[in-house]
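Within every chain, numbering begins at 1; the chains are lettered A, B, ... in the order of the sequence lines, protein sequences first and strands thereafter.
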Number of protein chains: 2
Amino acid sequence: MSLDDFHLSTFLPYRLAVLSERVSKRLSVEYGRTHGLAVAEWRVLVHLLRCGAVSVRDIHNCVNLEKPRVSRAVTRLEAEGLVQKTPGAHDGRLVAISLTKKGHAALADILPVATRIEESLTHAVSPDDLKTFFDVMEAMHAVLDADPEAKPRTSLDLAQTQE
Amino acid sequence: MSLDDFHLSTFLPYRLAVLSERVSKRLSVEYGRTHGLAVAEWRVLVHLLRCGAVSVRDIHNCVNLEKPRVSRAVTRLEAEGLVQKTPGAHDGRLVAISLTKKGHAALADILPVATRIEESLTHAVSPDDLKTFFDVMEAMHAVLDADPEAKPRTSLDLAQTQE
DNA sequence: TCAATATCATTTCATTTGCAACGATTTTTA
DNA sequence: TAAAAATCGTTGCAAATGAAATGATATTGA
């Protein structure tokens, strides 16, 4: 292929990055405006909703955030009163992080909005095409899973594929 | 929908972010190792290959990078000798940025590797499914185009859709 | 039992990032 | 033509980020 035939705007990694960033930013407008949440905080809250009281390490392993980023997100969320930290019962190193009532209420506020935005995107195409879309994403993940240079998937993202 | 039915791992914005980041990181391994390039520098180089001598503003408008980030990427690339800055001929405010021989050579090195990685991903699915995949991405962009809260697309990414 | 190793959450530090402000130049308008 | 407004690239600054180090606690193995 000649060098000059290369188009950035048709390059898969670039296209993925552009769409992903655009979607994320659109979403941030909502939960930033309503509750002052950043992406990391949003992910932590949602994970807690499903998994109850968990450690920083567990969140890190599940939602694709580096450990320090999780730790800082939890600190901010605790300061806002949306989560609480309890010293580990059996293991003094662990911290059990869980939603407070206020955190639960915040999620009840934001989740419908987030879901509505997601649906505005998914409803723009047919169910068949949407399924193909996710299948393709999964196929690309599978390629990376087999690539020793690629970062491994989190346990939770892997579990997702086995439904 | 009950709150507890919400799965982060099936949430479209999250899935996009995870795949995009994974692909970008895989790519960074290559052009980081071979030429010490970051994503912004990579995008600038590739844009210059297509568009010759252009301004910072033009790059900013084309490759989805904030203006200061472009400016800093260009500074680094110039220090490495991969691009050159020429004072604008007709407009003293403008700077004409273009590839040097060394920059061209670096691209000749990296582009085949980047293309190979891209193909390892796209070849994992049928051409039909891949077309559907990109059609769905475009449909989602179209939704955001109609959303006043969303950030507009760059001119180049828009032009891409009209082929 | 107790020293060596491993694990957990946090913090430190250097770097990156984006917003806003800036000086310099050009264009517009009165 | 002269002043006002707009545009260009860069820089200041505060916040975010990731890698590595740290202190604290658990676990392992001699």
Output every pair passing side chain to side chain donor-acceptor pair (under 3.5 Å) with a member in residues 52-66 of chain B, not counting sequence neighbours, ordered by first then second residue. Y14(A)-N64(B), H47(B)-D58(B), N64(B)-D157(B)
Tell me, please, which residues at least two apart from E30(A) pass salt bridge (charged side-chain N to carboxylate O under 4.0 Å, His left out). R26(A), R33(A)
Please identify each residue that fulfils salt bridge (charged side-chain N to carboxylate O under 4.0 Å, His left out) with R43(A), with sequence neighbours left out. none
In whole angstrom, give the distance that lies between atom [atom1] of [X] and atom [atom2] of [N].
X	N	atom1	atom2	result
E41(A)	dT17(D)	CD	C1'	14 Å
L94(A)	dC8(C)	CG	C1'	6 Å
I59(A)	dC8(C)	CD1	C1'	13 Å
K67(B)	dC8(D)	NZ	P	7 Å
D91(B)	dA24(C)	CG	P	16 Å

So which protein nitrogen or oxygen atoms get under 3.5 Å of nucleotides 16-19 of chain C's nitrogens or oxygens?
unit_1	atom_1	unit_2	atom_2	d
dT17(C)	OP1	R69(B)	NH2	3.3
dG18(C)	N7	R72(B)	NH1	3.4
dG18(C)	O6	R72(B)	NH1	3.2
dG18(C)	O6	R72(B)	NH2	3.0

Check ion pair E21(B)-K25(B) (N to O, under 4.0 angstrom): yes
Does the distance from a Lys or Arg side-chain N to an Asp or Glu carboxylate O, for R22(A) and D147(B), drop under 4.0 Å? no
Can you give me the closest heavy-atom contact between S20(A) and A17(B), atom names plus distance? OG-CA, 3.2 Å
Closest non-hydrogen atom pair, C62(B) against L156(B): CB-CD1, 3.4 Å
Result block: side-chain N/O donor-acceptor pairs under 3.5 angstrom for residues 105-114 of chain A, not counting sequence neighbours:
none

Does the cation-pi check pass for R50(A) over F6(B), that is, NZ or CZ under 6.0 Å from the six-membered ring centre and within 45° of its axis? no
Set of residues satisfying ring-ring contact (aromatic ring centres under 6.0 Å, His included) with respect to Y31(B), sequence neighbours excluded: W42(B)
Can you identify which nucleotide, out of dT11(D), dT25(D), dT27(C), has its nearest atom closest to the R93(B) side chain? dT27(C)
List for me each residue that meets side chain to side chain contact (heavy atoms under 4.5 Å, CB included) alongside K85(A), sequence neighbours excluded, and say none if there are none. V74(A), T75(A), E78(A), V95(A), I97(A)
Among residues 49-58 of chain A, which ones have heavy-atom contacts with DNA chain C below 4.0 Å? S55(A), V56(A), R57(A)
Show each protein N/O and nucleotides 1-3 of chain D N/O combination with a separation under 3.5 Å, one pair to a line.
none

Pair up each side-chain donor or acceptor in residues 121-128 of chain B with any protein partner under 3.5 Å, not counting sequence neighbours, and list the distances.
unit_1	atom_1	unit_2	atom_2	d
T122(B)	OG1	E118(B)	O	3.3
T122(B)	OG1	E119(B)	O	3.4
H123(B)	ND1	E119(B)	O	3.4
S126(B)	OG	D129(B)	N	3.1

I need the full list of salt bridge (Lys or Arg N to Asp or Glu O under 4.0 Å) pairs touching residues 89-98 of chain B, with sequence neighbours left out, sorted by first then second residue. D91(B)-R93(B)
Five pairs per end, C1' atoms only: what is the angle between the end axes of the helix from dT1(C)-dA30(D) to dA30(C)-dT1(D), to 10 degrees? 10°
Counting only side-chain nitrogens and oxygens, does K85(B) get under 4.0 Å of the OP1 or OP2 atom of dT10(D)? yes
